[in-house]
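Keep in mind the model is a prediction, meaning the values are calculated, not measured. Both counts, for ligands and for their atoms, begin at 1 and track the order of listing.
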Amino acid sequence: MNILILGSGGREYSIGLSIYKENEHQLFFMPGNGATDTLGTNINIKDYHDLASWAKEKAIDLTIVGPEAPLVDGVVDIFKANNLVIFGPSAAAARLEGSKVYMKNMLKKFNVPTAAFIETNSISEANDFIDSMQIPIVVKADGLCAGKGVIIAQSKDEAKEAVSDMLNGVSFGDAGTNVVVEEFLDGYELSVFAICDGENYKVLPAAQDHKRVGNGDTGPNTGGMGAYAPTPLVDETIYQKIEDRVIKPTLKGMKEEGAPFEGVLFIGVMVVRGEPIILEYNVRFGDPECEILMPLLETPVSELFYKGATKDLKNLDIKIKKEFGVGVVMASGNYPYSSSEPAEIIVDTIVDVELLNNSHISYAGVSKDNGKLLATGGRVLVCVGFGESIKIARDRAYALCGQVHFAGKKIRTDIAYQALK
Ligand code: AMP
Ligand code: GLY
């Protein structure tokens, strides 16, 4: 097939790498990064109508959308109107991520367990609710804020200030014209992904992300500093509860709303005393979760997404490898505070055959300059290791980290600690 992947991060690189290894497809990336050009061709056509025309000319058989922004902007609707096969939700269904207010209202409507909340654009209504709550209190801006729109306030005054900053447009502009105020959930977090075709779904092994920049989950939030899967913190009972209480009612409900959900349903779960409570939905793969999940698939990634895009998942018996994956993000020196000077990336030749065969790099914030690979983004790359246990996979991921060099490189050294403690 001719396959187009939208996006430029490690997530898109990892989808591309898995498809590249199938050895039967031609890959295109829009816009891609400084390493995706080793897997296929980077193109630069930003307008979605122009891109759809290009895809028709090039006889693109399948388009896969990585990030949320093009989904919320309706790229799937535009491609479908051009009779192109594309894997991802419509703009209407992508509102599950694009608007936290919409998402919370749908969770309530479909009876999916979630934190008690109000959504409002009134400061006094928010303040009354805050007065009735226990601390900590969670305040969220309605719109897309690149993962930064959530404040966990340790006092009622702090919560009220966050609400007023959001509603007055100080914090997030238009994304903060409505807020969600909700109860704090105390438990452990999971990332669960369901590949959906509107009616049917396939659940991937549950992963854990590491959102804070520092070891032991300290410091500011990031896009994610590492991930591993499958996590032993999830047993069959929890998977079953997530399917019965979350995925099935959501797919049924979205269909009834007239916005059937096709694409990746990313379920942010907090397990509280054994019960999965839903923090949020995203409508795409997590990054870096995707980088460890793609290689764990035995089913060809292209087949999974093609069947997802053509309402054919019912006929797929998804196969997952019986191993573990651990991904360690290597970020640039000033991440997540500010950008860093471009730095050349050097990867040592790997002589250890075990390591060579059970690890790889997924490139993210990189560009190419005169044949040199440069670290130019915040999250630069992900070192991914595999093995028959989490410990072995983790050790391989860190061994690979030791072979990668650039000025200022920064990692967390405790990825997968929750599974290993
Ligand atoms: P979100 O952007 O909704 O994923 O929130 C970012 C992070 O804030 C989540 O990954 C959680 O770690 C945390 N968070 C969000 N909502 C809650 C909540 N109700 N209780 C506890 N932690 C939360
Ligand atoms: N790793 C979390 C996210 O992609 O939102």
Side-chain angles (χ1 to χ4, degrees), residues 7 9-12 14-15 65-69 71 96-104 107 113-119 129-130 133-154 159 162 166 171-172 175-176 179-193 204 206-213 217-229 264-272 275-294 327-329 331 336 362 364 378-379 382 412 415 418:
R11 170 178 50 205
E12 291 76 24
S14 72
I15 295 170
V65 190
E68 61 276 19
L71 296 167
L96 283 180
E97 175 163 0
S99 164
K100 291 209 189 323
V101 169
Y102 176 77
M103 181 252 306
K104 289 292 285 191
L107 290 176
T114 189
F117 73 104
I118 58 157
E119 50 97 348
F129 187 66
I130 288 167
M133 294 172 84
Q134 311 257 20
I135 53 162
I137 295 166
V138 183
V139 181
K140 301 183 175 183
D142 179 37
L144 290 182
C145 307
K148 299 187 179 70
V150 176
I151 306 290
I152 299 184
Q154 300 300 334
M166 284 181 195
S171 304
F172 303 108
V179 293
V180 170
V181 181
E182 71 178 21
E183 122 196 67
F184 178 79
L185 299 173
D186 193 8
Y188 60 87
E189 237 176 301
L190 303 173
S191 302
V192 178
F193 300 90
L204 302 185
Q208 275 201 305
D209 186 12
H210 300 65
K211 289 210 168 92
R212 304 297 195 90
V213 74
D217 298 325
T218 53
N221 260 325
T222 68
M225 293 299 288
Y228 73 95
V264 182
L265 185 65
F266 171 170
I267 308 160
V269 181
M270 189 74 88
V271 181
V272 184
E275 297 301 325
I277 316 284
I278 303 318
L279 283 176
E280 62 158 356
Y281 283 142
N282 294 308
V283 299
R284 39 122 189 133
F285 268 114
D287 188 345
E289 291 95 323
C290 188
E291 285 92 317
I292 50 163
L293 290 171
M294 289 301 98
V328 178
V329 169
S362 226
R379 291 189 295 168
V382 188
R412 260 180 77 159
I415 301 305
Q418 293 201 57

Just going by heavy-atom distances, which of Lys140, Arg212, Glu189, Glu280 is nearest to atom 10 (O) of ligand 1?
Glu189
Between Glu183 and ligand 1, find which residue part has any heavy-atom pair under 4.0 Å and reply side chain, backbone, both or neither.
backbone
Check ligand 1 against Phe184 and write out every atom of the ligand that is under 4.0 Å from a heavy-atom position of the residue.
20 (N), 21 (C), 22 (N)
Taking side chain as C-beta onward, heavy atoms only, is Met133 less than 4.5 Å from Val181?
yes
For Asn221 and ligand 1, does the shortest N/O to N/O distance drop below 3.5 Å?
no
of all protein heavy atoms, closest to atom 2 (C) of ligand 2 is Asp209 OD2, 3.3 Å
What atoms of ligand 1 come closer than 4.0 angstrom to any heavy atom of Met270?
21 (C), 22 (N)
Asp287-ligand 2 polar pair, N/O distance under 3.5 Å:
yes
Could you work out, for atom 13 (C) of ligand 1, the closest of Ile152, Val269, Ile151 by heavy-atom distance?
Ile152
Run the numbers for me: atoms of ligand 1, each under 4.0 Å from some heavy atom of Leu279, listed by number.
11 (C), 16 (N), 17 (C), 18 (C), 19 (N), 23 (C)
I'd like to check whether Glu289 has a polar contact with ligand 2, where a contact means an N/O of the residue lying under 3.5 Å from an N/O of the ligand.
yes
With atoms numbered from 1 as shown, which atoms in ligand 1 lie under 4.0 angstrom from a non-hydrogen atom of Lys100?
2 (O), 3 (O)
Specify the protein heavy atom at minimum distance from atom 3 (C) of ligand 2: its residue, its atom name, and the distance to 0.1 Å.
Arg284 NH1, 3.4 Å
Begin with the C-alpha distance, continue with both residues' side-chain angles, and end with the deciding distance and a verdict on side chain to side chain contact (heavy atoms under 4.5 Å, CB included) for Glu97 and Tyr281.
CA-CA 6 Å; Glu97 175 163 0; Tyr281 283 142; 5.9 Å; no
Side chain, backbone, both or neither: Leu185 near ligand 1, heavy atoms under 4.0 Å:
both
